[in-house]
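The structure appears below as structure tokens.
The residues of the chain are indexed from 1 along the displayed sequence.
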Amino acid sequence: ASAAEAFEGLVTNGDFRNGSTGWTVGADWSISSGSASLVSTTAYVPLSQAVALVVGQQYTVSFAVTAITGTCKVTIGTLNTLYSTTGSKSITFTATSVSTNLQFAREGNPSTCTIDNIAVLPVTESVVTERVDMYGLEVFLEKVTTGNPYVYPNGLIQSQATTMDG
């Protein structure tokens, strides 16, 4: 899995790296260069994707609006949120059904918008309790001298020791 996939959560192809794969693309939408753009008409034809949810679980829908005129909206389950400015958007909701459509559409006419980096992620309170780092992988042995005081004993930069006994 790619880093992009990890941040999409339940959404497939949220950054449109694979064109329209995973999306039902309404007639007024176009996908190119890693984003989806809506050109307003009088018809209501959303960009959508089916998302599987767990009833009672909280989720966050996030996406970036890179261009907008008028007002557009995001709908998922009972959530129906309007937006009319560019920038990163993040909305939290509680799922009321196991399967629903994530939809982006216009609200009012004329309205246009360009979106990307769409994600639906479960809200968790997970805490990292164990550090994972590269400790000890820089192993080399070199004598610490006055002329070279910053060679770390056994390659452990964390110690920053300039002397080593034994």
Side-chain angles (χ1 to χ4, degrees), residues 1-138 157-158:
S2 70
E5 291 169 320
F7 291 102
E8 292 170 343
L10 304 176
V11 173
T12 299
N13 192 30
D15 63 358
F16 302 101
R17 66 190 170 284
N18 295 318
S20 63
T21 300
W23 293 95
T24 300
V25 182
D28 298 334
W29 288 86
S30 66
I31 296 176
S32 66
S33 302
S35 62
S37 298
L38 168 67
V39 178
S40 178
T41 67
T42 55
Y44 178 88
V45 187
L47 172 72
S48 65
Q49 184 173 124
V51 179
L53 305 173
V54 175
V55 174
Q57 170 73 48
Q58 280 195 318
Y59 295 89
T60 299
V61 176
S62 61
F63 57 98
V65 180
T66 57
I68 192 166
T69 60
T71 304
C72 292
K73 69 180 175 179
V74 59
T75 304
I76 185 168
T78 58
L79 175 76
N80 187 12
T81 303
L82 305 178
Y83 54 94
S84 58
T85 59
T86 58
S88 295
K89 310 296 180 189
S90 182
I91 306 129
T92 300
F93 70 100
T94 301
T96 57
S97 65
V98 294
S99 182
T100 190
N101 278 326
L102 170 64
Q103 296 185 342
F104 293 88
R106 66 169 180 78
E107 179 71 21
N109 199 22
S111 295
T112 65
C113 65
T114 301
I115 56 175
D116 64 7
N117 299 324
I118 301 165
V120 175
L121 295 163
V123 174
T124 65
E125 294 182 11
S126 296
V127 178
V128 175
T129 58
E130 293 183 34
R131 250 180 55 177
V132 177
D133 59 13
M134 301 290 284
Y135 180 79
L137 294 180
E138 301 171 9
I157 193 168
Q158 293 84 350

(message) Let me confirm one number: the CG-CG distance from L102 to L10, rounded to the nearest 0.5 Å.
(response) 10.0 Å
(message) So which atom in T12 and which in Q49 form the shortest heavy-atom distance, rounded to 0.1 Å?
(response) N-OE1, 2.7 Å
(message) Restricting to non-hydrogen atoms, name the atom on K73 and the atom on L82 that form the minimum distance, rounded to 0.1 Å.
(response) CB-CD2, 3.5 Å
(request) Could you pull out all residues at least two apart from S99 that satisfy side-chain contact (heavy atoms from CB on, under 4.5 Å)? (result) none
(request) Flag the pair W23 / N18 as yes when at least one side-chain heavy-atom distance between them is below 4.5 Å, and no otherwise. (result) no
(message) Could you check whether any side-chain N or O of D15 sits under 3.5 Å from a backbone N or O of G34, counting only pairs where one atom can act as donor and the other as acceptor?
(response) no
(request) Search all heavy atoms of L53 against all heavy atoms of V120 and return the closest pair with its distance. (result) CD2-CG1, 4.5 Å
(request) Look only at the side chain of W29 and the backbone of V45, and say whether a donor-acceptor pair between them is shorter than 3.5 Å. (result) yes
(message) Would the distance check show the side chain of N13 and the main-chain N or O of T21 forming a donor-acceptor pair, the cut-off being under 3.5 Å?
(response) yes
(message) Rounded to the nearest 0.5 Å, what separates atom OG in S32 from atom CZ in F16?
(response) 10.5 Å
(request) Supply the atom-to-atom distance N80 CG to E107 CD, rounded to the nearest 0.5 angstrom. (result) 7.0 Å
(request) May I have the step-by-step check of side-chain contact (heavy atoms from CB on, under 4.5 Å) for C113 and F104, ending in yes or no? (result) CA-CA 9 Å; C113 65; F104 293 88; 6.0 Å; no
(request) Taking side-chain contact (heavy atoms from CB on, under 4.5 Å) as the test, write out the residues that go with V54, two or more places apart. (result) Q57, Y59
(message) Under the rule for salt bridge (charged side-chain N to carboxylate O under 4.0 Å, His left out), what residues qualify as partners of K89, not counting sequence neighbours?
(response) none
Could you list the donor-acceptor pairs under 3.5 angstrom formed by side chains in residues 62-72, with sequence neighbours left out?
residue	atom	partner	partner atom	Å
T66	OG1	T114	O	3.4
T69	OG1	T112	N	3.3
T69	OG1	T112	OG1	2.6

(request) Taking the side chain as every heavy atom from C-beta outward, state whether L38 and L47 have any atom pair closer than 4.5 Å. (result) no
(message) Test of understanding: with side-chain contact (heavy atoms from CB on, under 4.5 Å), list the residues that count as partners of S20, not counting sequence neighbours.
(response) V25, I31
(request) Could you tell me whether the side chain of T92 reaches within less than 4.5 Å of the side chain of T60, counting heavy atoms only? (result) yes
(message) Please enumerate all residues that pass side-chain contact (heavy atoms from CB on, under 4.5 Å) together with T81, with sequence neighbours excluded.
(response) V74, L79, I91
